[in-house]
A.B. asks: 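The structure is given below, and queries will be raised subsequently.
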Protein chains: 2
Amino acid sequence: MRAEKKLQTRQSLLDAALALMETGRGFSGISLREITREVGIVPTAFYRHFPDMESLGLALVEEVSSSFREAIRLVRSNQFEHLGAISASVQIFVDYVVAHRQLFLFLAREQYGGASVVRQAIEDMQQRFITDLVADLKLMPKQRHLRDDDLEILADLIVKTVFSSLPELINPAELKGAPLQLAQDRLESKLRFIFMGAKYWRGIRWAASSSDGATASE
Amino acid sequence: MRAEKKLQTRQSLLDAALALMETGRGFSGISLREITREVGIVPTAFYRHFPDMESLGLALVEEVSSSFREAIRLVRSNQFEHLGAISASVQIFVDYVVAHRQLFLFLAREQYGGASVVRQAIEDMQQRFITDLVADLKLMPKQRHLRDDDLEILADLIVKTVFSSLPELINPAELKGAPLQLAQDRLESKLRFIFMGAKYWRGIRWAASSSDGATASE
DNA sequence: ATGTTTAGTGAACAGATGTTGACTGAAATG
DNA sequence: CATTTCAGTCAACATCTGTTCACTAAACAT
């Protein structure tokens with residue numbers, strides 16, 4: 001009961017940090033004292049759980065990382081059943097995101113704006129997702145015509161598109177009736193664009209990388 | 001010579017804010033006093049130019065906005081010449097971004113992470129770009145098979161893809177020889193995926209928006 | 001030449017922040 | 001039961017912050 005209570009307040013600290021981010025500020029704009037105030041403990045008790053704010057941020061990254069993995073797991077388990085794979089996948093994913101709003105709000109806010117260590121951790125997480133997605137895509141017969149490096153870029157595009165859609169999936173700053181469904185449809189369409197592009201991708205190498213003008217059209 | 005000098009130090013304040021962001025912190029992590037210290041004036045002189053930090057941030061958004069417009073103008077003036085439109089456009093754009101690194105660093109950092117007012121201003125700017133791009137795409141004969149709302153989503157996808165590529169185009173945190181050229185190639189390939197998807201886009205309406213399972217395949 | 005405007009100065013304030021060290025009291029251990 | 005462990009308390013600190021007010025002096029207008 002000693003360590004159990006400790007983990008409990010530790011979680012309270014993490015939750016308080018997430019809750020305070022709903023005021024509109026970034027993670028770096030939240031103070032140690034604010035968090036402890038929210039939890040109801042004295043500022044110095046913070047150090048019983050984290051050496052500093054930075055490592056609390058890293059703990060949040062880990063939390064959102066495993067949460068994201070869970071969402072992916074849910075999507076994947078249904079992906080091979082339905083025919084409308086994209087639609088079903090997006091539906092599952094969006095449901096999961098709104099059910100864990102605060103966590104993904106943190107992710108959306110800090111993916112580029114956070115302190116360098118937290119940002120780096122998020123980038124690493126993103127890269128792992130991309131790598132995993134590449135492995136998944138390799139198993140799909142529809143993507144067999146794509147080269148490995150093209151697959152990597154495709155996966156990167158998909159992941160970044162999903163990440164960049166997080167703000168509109170989360171923000172309560174909408175007045176009309178069904179802005180969530182609209183954002184969800186938009187994400188679905190975007191992925192449809194991308195996968196359509198992948199389907200008709202021609203492995204044409206457009207010569208060297210740099211500035212020779214004569215490339216394949218389009 | 002009185003107002004000229006004033007504009008000069010005002011610009012110094014803006015530049016100092018950008019310069020301080022290269023320390024890794026977000027805009028909200030920079031203090032008023034730090035900026036004045038960097039410029040070499042006393043803290044209270046700040047108020048001769050901005051009522052508070054927030055409006056300095058908004059001034060930065062305006063600056064990056066007009067800078068971005070200039071980049072787009074450059075891209076557009078060459079777009080109708082070459083055949084390798086994507087490659088040339090990306091080349092021009094990337095050149096412009098690295099030439100104005102600090103401004104676009106600010107944009108990349110604050111697009112989601114910034115204080116609510118600044119973030120909102122950036123979102124508005126993004127939306128104007130999307131609207132403009134829709135108008136542009138409408139003029140291109142290759143995109144005539146796309147419905148208006150599909151064009152909107154396509155433009156959204158393109159703009160967000162470019163925005164999400166900004167960090168890798170800017171960050172000096174690379175050790176190898178040519179990471180910039182690599183990032184540039186990646187952006188080019190992503191846009192190629194997207195435009196390929198647009199080319200083969202079929203205007204099929206997949207029924208209503210919400211949760212009916214029977215959708216078009218893929 | 002005289003008076004006004006104003007960018008920048010300088011001192012000082014109230015408040016918030018991170019971090020310190022010594023403490024308390026209850027749970028865990030033996 | 002005696003002892004150790006340790007999550008949380010309490011008071012205090014040095015530091016940094018944004019903002020105030022009265023001021024100086026140089027550029028401007030008259």
Side-chain angles (χ1 to χ4, degrees), chain A residues 1-60 63 106 109-110 113-118, chain B residues 1-60 63 109-110 113-119:
Chain A
M1 192 181 251
R2 78 289 158 229
E4 174 188 344
K5 181 71 179 175
K6 175 164 187 180
L7 285 182
Q8 191 173 323
T9 59
R10 180 193 146 103
Q11 188 60 44
S12 297
L13 288 170
L14 294 171
D15 292 345
L18 290 179
L20 286 170
M21 288 190 65
E22 288 199 279
T23 64
R25 292 169 293 172
F27 176 74
S28 60
I30 301 173
S31 70
L32 181 151
R33 288 179 108 104
E34 260 180 312
I35 294 180
T36 58
R37 215 176 296 141
E38 179 92 353
V39 174
I41 60 177
V42 91
T44 52
F46 179 92
Y47 298 101
R48 301 293 176 193
H49 304 273
F50 303 99
D52 46 33
M53 283 287 291
E54 178 177 297
S55 70
L56 195 168
L58 291 179
L60 282 177
E63 197 170 348
F106 169 79
R109 285 264 180 79
E110 304 300 314
S116 48
V117 184
V118 171
Chain B
M1 193 182 249
R2 80 284 159 233
E4 175 188 345
K5 181 69 179 176
K6 177 165 185 180
L7 285 182
Q8 191 173 320
T9 59
R10 181 194 145 102
Q11 188 60 43
S12 296
L13 288 170
L14 294 170
D15 293 345
L18 291 179
L20 285 170
M21 288 190 64
E22 290 198 279
T23 64
R25 291 169 294 171
F27 175 74
S28 60
I30 301 175
S31 72
L32 181 152
R33 289 181 107 103
E34 262 181 310
I35 293 179
T36 58
R37 215 177 294 139
E38 179 92 354
V39 173
I41 60 178
V42 90
T44 53
F46 179 92
Y47 298 100
R48 302 294 176 190
H49 304 273
F50 303 99
D52 48 33
M53 283 287 291
E54 179 177 294
S55 70
L56 196 168
L58 291 180
L60 282 177
E63 197 170 348
R109 285 265 180 78
E110 303 300 315
S116 48
V117 185
V118 172
R119 182 174 53 234

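Every chain is numbered from 1 and lettered A, B, ... according to where its sequence line falls, protein lines coming before strand lines.
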A.B. asks: For C:dG8 and B:T9 - does any side-chain N or O of the residue sit under 4.0 Å from the phosphate oxygens OP1/OP2?
C.D. replies: yes
A.B. asks: Would you please say whether a donor-acceptor pair under 3.5 Å links the side chains of B:S31 and B:R33?
C.D. replies: no
A.B. asks: Could you tell me the separation between the CG atom of A:L56 and the P atom of C:dG18, rounded to a whole number of Å?
C.D. replies: 12 Å
A.B. asks: For a quick test of reading the model, state the closest non-hydrogen atom pair linking A:L20 to A:R25 and the distance between them.
C.D. replies: O-NH2, 3.9 Å
A.B. asks: Select from B:I30 and B:A3 the residue whose nearest nucleotide in DNA chain D is closer to the 5' end of that strand.
C.D. replies: B:I30
A.B. asks: Side chains of B:L56 and B:F27, heavy atoms from C-beta outward: is any pair under 4.5 Å?
C.D. replies: yes
A.B. asks: Do B:I41 and B:L13 come within less than 4.5 Å of each other through their side chains, counting heavy atoms only?
C.D. replies: yes
A.B. asks: Where is the tightest heavy-atom contact between A:A16 and A:V39, given as atom of each residue plus distance?
C.D. replies: CB-CG2, 3.7 Å
A.B. asks: With a 4.5 Å heavy-atom cut-off, do A:F106 and A:V118 have their side chains touching?
C.D. replies: yes
A.B. asks: Contact boundaries of DNA chain D with chain B (under 4.0 Å, heavy atoms), 5' to 3'?
C.D. replies: D:dT17 to D:dC28
A.B. asks: If I compare all heavy atoms of A:I30 with all of A:A17, which pair ends up nearest, and what's the gap?
C.D. replies: CD1-O, 3.6 Å
A.B. asks: Over all strands shown, is B:R10 touching base, sugar-phosphate only, or nothing at heavy-atom distances under 4.0 angstrom?
C.D. replies: nothing
A.B. asks: Within this structure, what is the CG-to-C1' distance between B:L32 and C:dA16, rounded to whole angstrom?
C.D. replies: 16 Å
A.B. asks: Take the protein atom CZ of A:R48 and the nucleotide atom P of C:dT19, then report the distance between them rounded to whole Å.
C.D. replies: 15 Å
A.B. asks: Mapping A:I41 and A:R33 to their closest nucleotides on DNA chain D, which lands nearer the 5' end?
C.D. replies: A:I41
A.B. asks: Report which part of the nucleic acid A:Y47 touches: base, sugar-phosphate, or nothing (heavy-atom distance under 4.0 Å, all strands).
C.D. replies: base
A.B. asks: Would you indicate, yes or no, if C:dG25 has its OP1 or OP2 atom less than 4.0 angstrom from a side-chain nitrogen or oxygen of A:R2?
C.D. replies: no
A.B. asks: For the pair made of CD1 in A:I35 and C1' in C:dG18, what is the distance, rounded to whole Å?
C.D. replies: 13 Å
A.B. asks: In whole Å, I'd like the distance from the CD atom of A:E38 to the C1' atom of C:dT17.
C.D. replies: 18 Å
A.B. asks: Under 4.0 Å, counting only non-hydrogen atoms across every strand here, what does A:M1 touch: a base, just sugar-phosphate, or nothing?
C.D. replies: sugar-phosphate
